[in-house]
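Contents: one structure, followed by commentary.
Everything quoted here is computed from the prediction, not taken from an experiment.
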Amino acid sequence: MKRAARLLAKLPDALSREHLDLTISLHAGLDTRIIERPGLTLGEGDLAELTQKLREVASHTLPSGSLTYGVFSGERERLANVVVTLISEAATGRPIGFNALALMDVILDGEPRVVTHLGLVMVDRDERSRGLSSTLYGLTTLLLFARSGLRPFWVSNVTQVPVVVGMVSETFSNVFPAPAATARQSFTHLSLARQIMRRHRHVFGVGDEATFDEARSVILDAYTGGSDDLKKTYEQAPKHRDARYNDFCRELLDYGRGDDVLQLARMDLATARRYLVAHVPPRSLPALMLTAAFLMLQRLALPIVHWFDDSKRFGALRPSQKAATK
């Protein structure tokens with residue numbers, strides 16, 4: 001109830017924002033902050049601090065080396081098209097895990113759309129027993145789904161890690177590729193994959209020389225564009241509890257060469273239900289549901305606020321002549 005009260009106090013501020021920036025507590029002693037498009041919304045100091053926290057998590061995750069692509073670059077342009085989920089210790093502020101979702105522009109059925117790339121997830125080696133991966137992979141997409149008014153959208157995932165392939169396959173809808181007998185590559189899967197590989201491979205650190213096997217949706221020699229230090233052998237890659245996903249990755253990918261699978265899937269109501277049932281602690285469910293309700297209300301309330309504000313342009317609506325001449 002205390003969490004719910006704190007969220008209610010934040011309602012006016014939440015409704016006034018165009019981009020998501022909120023903090024929620026789903027795990028004891030930890031705060032989860034979700035920041036949408038920080039490259040557009042944060043000042044120089046705050047942006048530099050966020051980048052440093054992401055690099056700090058990476059330094060405690062990778063055995064050696066460093067990453068230079070995407071959010072690690074610190075470039076405002078790169079951080080303008082991501083949604084960062086950062087988990088920190090509530091008492092000290094020490095960052096222990098993050099996910100950086102990338103927002104990729106595509107064309108679908110002749111209309112501009114956005115594919116949400118599930119992005120790079122990192123958790124401090126000493127904190128991996130706390131079950132944070134499901135929060136980092138699913139929480140933000142769930143809240144974006146609520147903020148969209150429960151409109152389904154496409155997500156993508158690039159990985160060679162069996163546990164991640166399994167998590168995506170079990171959580172999202174209409175997943176391809178996946179070991180399920182029902183997994184089929186539709187024309188939409190293929191079209192989105194082609195656009196992602198043509199225009200957005202920098203998002204996941206894949207170089208121009210990497211080739212794409214369209215039939216299998218596999219990127220060959222994927223670790224040449226800034227993500228070199230993420231390359232793993234099959235033995236090093238974390239395994240899923242269900243051996244199907246381990247066998248699937250071992251047969252599909254050449255780990256010596258450095259292949260990745262490119263999965264495409266749908267975030268929809270069935271996905272939201274599966275995530276809530278399987279991954280959200282019961283004690284945290286009221287706070288999460290209240291947050292989702294706030295975001296849905298924001299979706300409804302902001303257009304009304306904009307409609308009555310005659311001093312700014314909103315879509316096809318124009319400012320009144322009287323307001324424009326002030």
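Between L22 and R33 the shortest side-chain heavy-atom distance does not fall below 4.5 Å. In this structure, the side chains of H240 and V165 stay at 4.5 Å or more apart for every pair of heavy atoms. Side-chain contact between L143 and L139: present, with at least one pair of heavy atoms (C-beta onward) separated by less than 4.5 Å. Side-chain atoms of N174 and H189, non-hydrogen and from C-beta on, do get closer than 4.5 Å to each other. Side-chain atoms of T271 and L269, non-hydrogen and from C-beta on, never get closer than 4.5 Å to each other. F176 has its side chain out of reach of R184: every pair of non-hydrogen atoms, C-beta onward, lies at least 4.5 Å apart. Taking the side chain as every heavy atom from C-beta outward, T51 and L79 approach each other to under 4.5 Å. Using a 4.5 Å heavy-atom cutoff, the side chains of R216 and L252 are in contact.
N99 places a side-chain N or O within donor-acceptor distance of the main-chain N or O of L118, the cut-off being under 3.5 Å. Checked by atom type and distance alone, the side chain of R198 never pairs as donor or acceptor with a backbone atom of A193 at under 3.5 Å. Without hydrogens or angle criteria, K231 side chain to G256 main chain gives a donor-acceptor distance under 3.5 Å. With hydrogens and angles ignored, the 3.5 Å screen pairs a side-chain donor or acceptor of R76 with a backbone N or O of L42. Side chain of K239 to main chain of Y234: a donor-acceptor pair is present (N/O by atom type, distance under 3.5 Å, no hydrogens or angles). Side chain of R151 to main chain of S148: a donor-acceptor pair is present (N/O by atom type, distance under 3.5 Å, no hydrogens or angles). Of the possible donor and acceptor atoms, one in the side chain of D259 sits under 3.5 Å from a partner among the backbone N and O of D221. At least one donor-acceptor pair closer than 3.5 Å links the side chain of Y255 to the backbone N or O of Q160. Judged by distance alone, with hydrogens and angles left aside, the side-chain atoms of S59 form a donor-acceptor pair with the main-chain N or O of E56 at under 3.5 Å. In this structure a side-chain-to-backbone donor-acceptor pair under 3.5 Å is missing from R266 to V175.
One finds no salt bridge joining E170 and R274 here, because no Lys/Arg side-chain nitrogen approaches an Asp/Glu carboxylate oxygen to under 4.0 Å.
Taking CZ from R55 and CD from Q52, the interatomic distance works out to 6.5 Å, rounded to the nearest 0.5 Å. Taking CZ of R273 as the reference point, atom OG1 of T171 lies at 11.5 Å (rounded to 0.5 Å). For the atom pair CG (L220) and OG1 (T211), the distance works out to 3.5 Å, reported to the nearest 0.5 Å. Interatomic distance, CG of L136 versus CG of L120, reported as 10.5 Å (0.5 Å rounding). Here T23 contributes atom OG1 and I87 contributes atom CD1; the two are 11.5 Å apart, rounded to the nearest 0.5 Å. A distance of 9.0 Å separates NE2 of H200 from CG of N81, quoted to the nearest 0.5 Å.
By the rule that hydrophobic residues join a cluster once side-chain heavy atoms approach within less than 4.5 Å of another member, F204 and M122 end up as members of separate clusters. No chain of hydrophobic side-chain contacts below 4.5 Å, direct or via other Ile, Leu, Val, Met, Phe, Trp or Tyr residues, connects L264 to Y275. When the side chains of ILVMFWY residues are joined at heavy-atom separations under 4.5 Å, either directly or via intervening members, L262 and L190 end up in two distinct hydrophobic clusters. With hydrophobic clusters built from ILVMFWY side chains whose heavy atoms lie under 4.5 angstrom apart, L144 shares a cluster with L142. Cluster annotation: V161 and V206 are assigned to distinct hydrophobic clusters (Ile/Leu/Val/Met/Phe/Trp/Tyr, side-chain heavy-atom contacts under 4.5 Å, transitive).
Side-chain contact of S156 with H117: a donor-acceptor pair under 3.5 Å is present, judged by distance alone. No hydrogens or angles considered: a donor-acceptor pair under 3.5 Å links the side chains of Q263 and S169.
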Test side chain to side chain contact (heavy atoms under 4.5 Å, CB included) applied to V218 and L253, step by step: CA-CA 7 Å; V218 171; L253 304 176; 3.8 Å; yes

Residue pair I219, M197: steps toward the side chain to side chain contact (heavy atoms under 4.5 Å, CB included) verdict: CA-CA 9 Å; I219 307 170; M197 291 304 300; 3.7 Å; yes

CA sep, side-chain torsions, deciding dist, call: Q185, S217, side-chain hydrogen bond (donor to acceptor under 3.5 Å, both in side chains): CA-CA 9 Å; Q185 185 183 43; S217 199; 5.2 Å; no

From CA spacing to verdict: salt bridge (Lys or Arg N to Asp or Glu O under 4.0 Å), E127, R94: CA-CA 12 Å; E127 306 290 343; R94 181 177 73 91; 2.8 Å; yes

Verdict with supporting geometry, L150 and F145, side chain to side chain contact (heavy atoms under 4.5 Å, CB included): CA-CA 5 Å; L150 305 185; F145 179 60; 3.6 Å; yes

Intermediate values then yes/no, side chain to side chain contact (heavy atoms under 4.5 Å, CB included), L50 and I35: CA-CA 10 Å; L50 175 63; I35 316 166; 4.1 Å; yes

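The only member of D247, V261, N246, D242 that meets side-chain contact (heavy atoms from CB on, under 4.5 Å) when paired with P162 is N246. Paired with T85 under the rule side-chain contact (heavy atoms from CB on, under 4.5 Å), one option of T141, T32, V121 passes, and it is T32.
The two residues S25 and L30 make their nearest non-hydrogen contact at OG-O, 3.2 Å. Looking at every heavy atom in both residues, P38 comes nearest to V82 through CD-O, 3.5 Å. When all heavy atoms are compared, the tightest approach of A210 to A222 is CB-CA, 4.4 Å.
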Under 3.5 Å, sequence neighbours excluded: what are the donor-acceptor pairs made by side chains of residues 102-113?
none

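For T233, the side-chain contact (heavy atoms from CB on, under 4.5 Å) test picks out E235, Q236, with sequence neighbours left out.
Taking the ring axis of Y223 as reference, the NZ or CZ atom of K232 does not stay both within 45° of it and closer than 6.0 Å to the ring centre.
At most 12 non-hydrogen atoms from other residues, nucleotides or ligands lie less than 6.0 angstrom from CD of E77.
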